[in-house]
Amino acid sequence: MESKKSLEIDVELANGEKSSTDQSQVQAPSMSQIENLKDLPAKKGIDVFFGKITLNEGISAANFYASLFHTLITFMNFTATTTLQPLILLDPKSYAVDENRIGVILAQLILLQTVTKICMTPTFGFLIDKIGRKPMVLVGGTVIMMGYCLVPFQRTVFPGYAISKLLVTNGTNLLILLPFNADYVHDSSKGKAIGIAQALTSFGNFLGSLVITILLHVGFELAQIHMILGIFTFIMVLIYSPFIKAGNYYLKKGNNDEEEFLDKQNQEESFKEKIIKSINALSRNGWLLISLIINTLARADYYLITAVFALWMKSFDTSEDQRKDTDKLISFYENIFFLLGFIGNIAYGLILDVVNPLKVIFPTIFSGMIGYSLILMANSKNSIFVFLLILTAGLAMPGLFNSANYLAIRNYPKELRGTLTSLINVFGIVGYLFLSTVGGYLYDNVNKKMPYVLFLGMILLASFAIVMIYRKLRRYGRKKKPQSVNKSIDTNSNN
């Protein structure tokens, strides 16, 4: 009876209801009450997006739409900075890097950026869980603006441009890590919500590429474009951040959203404790491990299309006129790629709510294998195999990202969302680092198609690992579609 009474008090505290005690005297829940709250399924809130998305209780429509705008701006910026990097390095008016050394220089920059991301990502995740979402949005926007606006004043690649790029990269990474879908959307709508968010990701990617194309066409220099993007990103963050819900929404007192307080346990846990708990969760949940693997493949795929593909296309140029034509062709192909991603994300989001995610994962992996196998047969930038690569990769990447995010947010413990997101992204960054450094070396010294060959090897290894993990899940009777963390399908008792 005492346990039942305690649980009733927990529910009242979670839902902002009054207990027998006066409302003004309600205190933060005890540690035992917090533990009980973590086991309660999330309650449904309002419906948004034409009635298609159900939010968690306590989340407003403004919160949800602000998170969508956040996704659009973040990935518009992400693609813009990724696309600008090889262009400004080769630009005669900026750094004029020799084409015979561009692979090595680009690999060195990516290595530096990746190492700092690996170091900073767990810290970002810890801070997201510790001090809340909104403050970290503002920090990310400020760091991005500083990095962009310093570019016109840098005269050397190292250390000047490298420092600016580090700021932009880590600021963008911080914004990407914020787990708004996991926070805001009820389990019954997570697949559709991820589809919408990923569609906006692709549309943001498309806009980032389009904005650069337009600004270059108008006549802006590459250094000037960096400053424009920095100021624009910061203004956008200032506009939508007031509508982001502060802190961790799932524990609050009273009916006033402004009275939210952070989970007491989250406040008391150290960085080391959260990392250990997150690693433990990863090691004992097969679906989280599959999410980690798929996220790594998706990031590597994105790198190949936005960086290696552009360098490979430009390797056929012998004159300034050809370079200009190639820049337009690259922009055209990237726009097709991101448009396919926009359409695919909507479709995959709808599918993931009704089928086992593996029925999405394996076809998209196979599609990627076909595309990167075909590009090995291309002998010019106008080859039909180039178009087929864009087509197959454009269909594959949204499936990978959607599946990875779906599996992750359906299995995150509430109190570890930020930290687990950061750890999964660290592994994705390591895969990105491996492909960019080893692939960059092979690009310059062996063959310009070797990064594609390397990625095909990663796909084969990833496919084998996913099959082994899924066989283990089946062995313990966990073949059904993944549920939320409170209806766990992990192999917890068997590891």
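With hydrogens and angles disregarded, no donor-acceptor distance shorter than 3.5 Å links the side chain of Ser403 to the backbone of Leu400. A donor-acceptor pair under 3.5 Å is absent between the side-chain atoms of Ser189 and the main chain of Lys192, judged by distance alone. The main-chain N or O of Tyr441 is found under 3.5 Å from a side-chain atom of Asn445 such that the two form a donor-acceptor pair. Of the possible polar contacts, one joining the Ser373 side chain to the Met369 backbone as a donor-acceptor pair under 3.5 Å is found. Proximity of a side-chain donor or acceptor of Asn285 to a complementary backbone N or O of Leu288 within less than 3.5 Å is detected. With hydrogens and angles disregarded, no donor-acceptor distance shorter than 3.5 Å links the side chain of Lys381 to the backbone of Val386. A side-chain donor-acceptor contact under 3.5 Å links Asn63 to the backbone of Ser60.
Between Val237 and Val137 the shortest side-chain heavy-atom distance falls below 4.5 Å. When side chains are defined from C-beta on, Leu200 does not count as touching Phe75, because their heavy atoms never get closer than 4.5 Å. The side-chain heavy atoms of Ile128 and Leu174, taken from C-beta on, include a pair separated by under 4.5 Å. Asp187 has its side chain out of reach of Asn56: every pair of non-hydrogen atoms, C-beta onward, lies at least 4.5 Å apart. At least one side-chain heavy atom of Ile88 sits less than 4.5 Å from a side-chain heavy atom of Val151. Using a 4.5 Å heavy-atom threshold, the side chains of Thr54 and Val185 count as separate. Proximity of Leu207 to Leu72: side-chain heavy atoms (C-beta onward) are separated by under 4.5 Å at one or more points. A heavy-atom distance below 4.5 Å is not found between the side chains of Tyr443 and Met450.
Residue Ala197 comes nearest to Thr71 through the heavy atom pair O-CG2, 3.4 Å, listed as atom of the first residue, atom of the second, then distance. Counting all heavy atoms, side chain and backbone alike, Ile290 lies closest to Leu407 at CG2-CD1, 3.7 Å. The heavy-atom pair separating Thr81 from Phe78 by the smallest distance is CG2-O, 3.2 Å. Annotation for Leu166 and Leu112: closest pair CD2-O, 3.7 Å, computed over non-hydrogen atoms. Scanning both residues, Pro451 and Gly439, for their nearest heavy atoms gives CG-O, 3.5 Å. The two residues Asn379 and Ser383 make their nearest non-hydrogen contact at N-CB, 4.4 Å.
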Quiz item: Going through the distances and angles, do Leu175 and Ile144 end up as a side-chain contact (heavy atoms from CB on, under 4.5 Å)?
Solution: CA-CA 10 Å; Leu175 296 185; Ile144 289 171; 3.6 Å; yes
Quiz prompt | Test log, rule side-chain contact (heavy atoms from CB on, under 4.5 Å), inputs Ile293 and Ile469 | solution = CA-CA 11 Å; Ile293 293 168; Ile469 294 170; 3.8 Å; yes
Quiz prompt | Chi angles and distances behind the side-chain contact (heavy atoms from CB on, under 4.5 Å) call for Asn295, Phe401 | solution = CA-CA 6 Å; Asn295 180 64; Phe401 271 123; 4.2 Å; yes
Practice problem: Using the side-chain contact (heavy atoms from CB on, under 4.5 Å) rule, take Phe180 and Ile244 through it: C-alpha gap first, then chi angles, then the decisive distance, then the call. | Solution: CA-CA 9 Å; Phe180 289 128; Ile244 296 296; 3.6 Å; yes
Exercise. Check the pair Ser67, Asn181 against side chain to side chain donor-acceptor pair (under 3.5 Å), reporting the backbone distance first and the verdict last.
Key: CA-CA 8 Å; Ser67 74; Asn181 258 333; 5.6 Å; no
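Partners of Tyr148 according to the side chain to side chain donor-acceptor pair (under 3.5 Å) rule, which considers only residues two or more places apart in sequence or in another chain, are Asn77. Partners of Asp301 by side chain to side chain donor-acceptor pair (under 3.5 Å), not counting sequence neighbours, listed by chain and number: Tyr372. Evaluation of the salt bridge (Lys or Arg N to Asp or Glu O under 4.0 Å) rule for Lys449 yields no partner, not counting sequence neighbours. Listed by chain and number, the residues in a side chain to side chain contact (heavy atoms under 4.5 Å, CB included) with Phe234 are Thr142, Met145, Leu238 (sequence neighbours excluded). Remark: Lys52 pairs with no residue by the side chain to side chain contact (heavy atoms under 4.5 Å, CB included) rule, at least two apart or across chains. Scanning for side chain to side chain donor-acceptor pair (under 3.5 Å) contacts around Lys117 gives an empty result, with sequence neighbours left out. For Ile390, the side chain to side chain contact (heavy atoms under 4.5 Å, CB included) partners at least two apart in sequence or on another chain are Ile305, Phe309, Tyr333, Ile336, Phe337. Considering only residues two or more places apart in sequence or on other chains, Asp91 meets the side chain to side chain donor-acceptor pair (under 3.5 Å) condition with Ser94.
Interatomic distance, CD1 of Ile294 versus CG of Asn402, reported as 12.0 Å (0.5 Å rounding). From Leu178, atom CG reaches atom OG1 of Thr74 across 8.0 Å, with rounding to the nearest 0.5 Å. Note: His70 NE2 to Met236 CE = 14.5 Å, rounded to the nearest 0.5 Å. Summarising the geometry, atom CG belonging to Leu352 is positioned 12.0 Å from atom NZ belonging to Lys359; distances are rounded to the nearest 0.5 Å. From Met377, atom CE reaches atom CG of Leu389 across 11.0 Å, with rounding to the nearest 0.5 Å. If you take SG on Cys119 and CZ on Phe124, they are separated by 10.5 Å, rounding to the nearest 0.5 Å.
Between Phe206 and Phe203, the two ring planes are parallel [angle under 30°; tilted spans 30° to 60°].
At a cut-off of 3.5 Å, with distance as the only test, no side-chain donor of Gln113 or Gln108 sits close to an acceptor on the other residue.
Crowding of Phe158 atom CZ: a count of heavy atoms from other residues, nucleotides or ligands under 6.0 Å exceeding 12.
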If you look only at distance, which donor and acceptor atoms sit under 3.5 Å apart when one is on a side chain in residues 360-367 and the other is two or more places apart or in another chain?
{"from": "Thr364", "atom 1": "OG1", "to": "Val360", "atom 2": "O", "distance (Å)": "2.9"}
{"from": "Thr364", "atom 1": "OG1", "to": "Ile361", "atom 2": "O", "distance (Å)": "2.7"}
{"from": "Ser367", "atom 1": "OG", "to": "Thr392", "atom 2": "O", "distance (Å)": "2.9"}

Can I get a per-line list of side-chain donor-acceptor pairs under 3.5 Å for residues 216-232, giving both atom names and the distance, sequence neighbours left out?
{"from": "Glu221", "atom 1": "OE2", "to": "Lys93", "atom 2": "NZ", "distance (Å)": "3.2"}
{"from": "Gln224", "atom 1": "OE1", "to": "Glu221", "atom 2": "N", "distance (Å)": "2.9"}
{"from": "His226", "atom 1": "ND1", "to": "Leu222", "atom 2": "O", "distance (Å)": "2.8"}

Donor-acceptor pairs under 3.5 angstrom involving side-chain atoms of residues 452-464: please list them, not counting sequence neighbours.
{"from": "Ser463", "atom 1": "OG", "to": "Ile459", "atom 2": "O", "distance (Å)": "2.8"}

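You'll find the ring centres of Phe69 and Tyr240 inside the 6.0 Å limit.
Asp183 and Lys245 are not joined by a salt bridge, as no carboxylate oxygen comes within less than 4.0 angstrom of a charged side-chain nitrogen.
Here side-chain hydrogen bond (donor to acceptor under 3.5 Å, both in side chains) pairs that include residues 154-163, with residues two or more places apart or in two chains, are Gln154-Ser164.
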